[in-house]
Amino acid sequence: MIGQRLEVRQGQGLVITPQLQQAIKLLQLSNQELDEYVEAELEKNPLLQREEPEAGAEIAREAPADSTELSFSDTGASDRSSTVDAREDDVYGDATPGERTSDRLSDEAAEQPGLSDWSAAGKGGSFNDGDGGERPERHDPTLWEHLQDQASSAGFSATDHAIALSLIDGVDDGGYLRAELVEIADRLGCGLDRVEAVLAVCHGFEPTGVMARSVPECLKLQLVERNRFDPAMAALLDNLDLLARRDLSALRTVCGVDAEDLSEMISELKALTPRPGAGFAGEIAQTVIPDVHVRPDPAGGWRVELNSDTLPRLLVDKRYHASVSAGARTETEKAFVADCAAQANWLVKSLDQRAKTILKVGSEIVRQQDAFLAFGVEFLRPLNLKTVADAIGMHESTVSRVTSNKYVSTPRGVFELKFFFTAAIQATDGGATHSAEAVRHRIKSMIDHEGRDGDVLSDDRIVEILKEAGIDIARRTVAKYREALRIPSSVERRRMLKTG
């Protein structure tokens, strides 16, 4: 019989609350992304305020119950305490929170290592107004501004000027034209021959070689300007792959010149630049700001400290909260104030927990990799997320989020935390495993010294040497590491030594 009835069942389920989702999101944000997130919260939550001691405000601090000093043991005998700066405070004052103001190479050049070290055209200079008046801040022109200025004074008709601007929009940072001429012609509703004619005029713009569509065309434009483009040079530009491989005998054949002439031609190419746009202002590169500092402890071991500059210092303005709570009359207003207070308190505590978690993970990584800090990359230990997670009592996913987009400053440089997690390579005698990064460093060191030590080492010979050192590695793994380091094969290196 079919019917309806009510039943009560009890079961277990995992529910991720919105606040827990936000806490997970905070954990994996970089310091720059976190600052942007905090700024957004400050804009929409009137109870939150950024602590700015330099403003001279009288602030009485009241630390939350769970805000404690973090003490941890490093690799030595000493301890280091780090105080988390995310706190909940009382703000005494009459004012409410105020308003807050809120070189890559071209693809062709990257594939031709013989071209990557050529000099780039320089351009710069700064200007200062000495009259003391307020003027708009001047900046070095970008490549696109420089090209647009030349297009405006090139005497183009209105139609040709529009074509030129469309072509300029397709230029990359290196000065190469990446747009397809056919697409531009179709989009503007003009003939392909007219687009090509405008491009021919643009090829006369400064810097010479700009708006070329390939490295050979870029170099050709520069050679034509110097009156050094001839059939032999044209053949050389058509066979830059042979130049990258240092196959000089094949180049002499295709160019029809002797060794002396070929050497002069190569010298002329090296005087050119494959990136004509590299000397112009572009987007400002973001500087890596470390989240953790590691310093030697005079008493032995290492001091691991959070970078206080990357920690947002937030306050909950309790005085303002009390004021607006007393003035709230409708249920909607009361609910809004209560929600703002809950969100503000949660954010301060979440930032506190985020800082503690980063410090705990960073300290354990330093403990695991203390030999690297003391002796160098050859002593980098194999390490995975599970090892760190088990040591500090956290889940692997938490450790993975903490180490994403987080950087540590050490005496050996600034590294992403994920750098310290490397695969293990087995030892031939069944002993301790070796870090893949350390093995790569050893391979590079062996190849760097082969010019002084004797013959060029083949991949097979490198395998033999590593196995003699107790590292069990396959030839294909050596080849993979060598290619990742952008080291040519033994045949190409031997040819380079002969011609060098």
Side-chain angles (χ1 to χ4, degrees), residues 18-70 81-102 284 286-293 305-328 333 336-359 362 401-402 405-407 409:
Q19 286 192 342
L20 180 57
Q21 293 176 351
Q22 290 291 341
I24 293 174
K25 177 183 177 181
L26 285 180
L27 197 58
Q28 61 192 11
L29 293 179
S30 66
N31 49 44
Q32 294 176 349
E33 293 169 338
L34 179 65
D35 192 60
E36 294 174 0
Y37 176 84
V38 169
E39 282 296 329
E41 291 296 316
L42 287 168
E43 289 292 333
K44 66 183 182 182
N45 193 331
L47 301 184
L48 274 175
Q49 186 174 10
R50 188 186 291 276
E51 179 186 3
E52 297 179 353
E54 66 275 9
E58 294 291 336
I59 300 175
R61 296 191 175 97
E62 175 188 339
D66 64 343
S67 180
T68 60
E69 287 192 344
L70 302 180
S81 296
S82 177
T83 303
V84 179
D85 290 303
R87 295 182 295 274
E88 177 180 330
D89 298 57
D90 284 322
V91 179
Y92 296 98
D94 297 328
T96 60
E99 296 183 354
R100 301 169 179 86
T101 307
S102 359
I284 300 175
Q286 295 292 339
T287 303
V288 172
I289 302 175
D291 301 85
V292 180
H293 290 301
E305 303 168 331
L306 290 172
N307 182 1
S308 60
D309 293 337
T310 66
L311 299 176
R313 295 176 173 88
L314 296 183
L315 314 174
V316 179
D317 192 342
K318 290 186 175 181
R319 185 182 182 90
Y320 185 62
H321 177 223
S323 174
V324 296
S325 295
E333 292 174 349
F336 173 75
V337 173
D339 183 62
C340 287
Q343 288 292 333
N345 286 307
W346 166 83
L347 181 57
V348 170
K349 293 178 181 179
S350 295
L351 291 174
D352 174 50
Q353 186 60 43
R354 177 183 182 272
K356 291 179 180 178
T357 305
I358 293 175
L359 185 57
R401 292 187 181 97
V402 170
N405 302 314
K406 311 294 189 307
Y407 292 84
S409 172

Inset, instruction - Mind running side-chain hydrogen bond (donor to acceptor under 3.5 Å, both in side chains) on N307 and D291 for me, showing each step along the way? - result: CA-CA 5 Å; N307 182 1; D291 301 85; over 6 Å; no
Inset, instruction - Walk me through it: do L42 and L314 pass the test side-chain contact (heavy atoms from CB on, under 4.5 Å)? - result: CA-CA 9 Å; L42 287 168; L314 296 183; 4.1 Å; yes
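In this structure the side chain of V324 never reaches within 4.5 angstrom of the side chain of F336, judged on heavy atoms. L311 places none of its side-chain heavy atoms less than 4.5 Å from the side chain of L351. Taking the side chain as every heavy atom from C-beta outward, V316 and H321 never approach each other to under 4.5 Å. Contact of the T357 side chain with the Q353 side chain is registered, since non-hydrogen atoms from C-beta on lie closer than 4.5 Å. Residues L315 and L48 have side chains not in contact (no heavy-atom distance under 4.5 Å, counting atoms from C-beta outward).
Between atom NZ of residue K44 and atom CD of residue Q343 there is a gap of 7.5 Å, rounded to the nearest 0.5 Å. Between the CD atom in E33 and the CG atom in N405 there is a gap of 6.0 Å [rounded to 0.5 Å]. Considering CZ of R354 and CG of L359, their distance stands at 12.0 Å, rounded to 0.5 Å. Distance check, rounded to the nearest 0.5 Å: CG of L27 to CG of L34 gives 10.5 Å. Here E41 contributes atom CD and C340 contributes atom SG; the two are 10.0 Å apart, rounded to the nearest 0.5 Å. Summarising the geometry, atom OG belonging to S409 is positioned 10.5 Å from atom CD belonging to E305; distances are rounded to the nearest 0.5 Å.
Under a 3.5 Å cut-off, the side chain of D352 and the backbone N or O of V348 do not form any donor-acceptor pair. Although no hydrogens or angles enter the test, the distance criterion places no donor-acceptor pair under 3.5 Å between the side chain of S323 and the main chain of R319. Between the N31 side chain and the I289 main chain, a donor and an acceptor come within less than 3.5 Å of each other. No donor-acceptor pair closer than 3.5 Å links the side chain of E43 to the backbone N or O of A40. Within the 3.5 Å criterion, the main-chain N or O of L29 finds a donor-acceptor partner in the side chain of K406. Looking only at distances, no side-chain donor or acceptor of R50 sits under 3.5 Å from a matching main-chain atom of V38.
Residue P312 comes nearest to T310 through the heavy atom pair CD-O, 3.4 Å, listed as atom of the first residue, atom of the second, then distance. In this structure, A355 and L306 approach most closely via the heavy-atom pair O-CD1, 3.6 Å.
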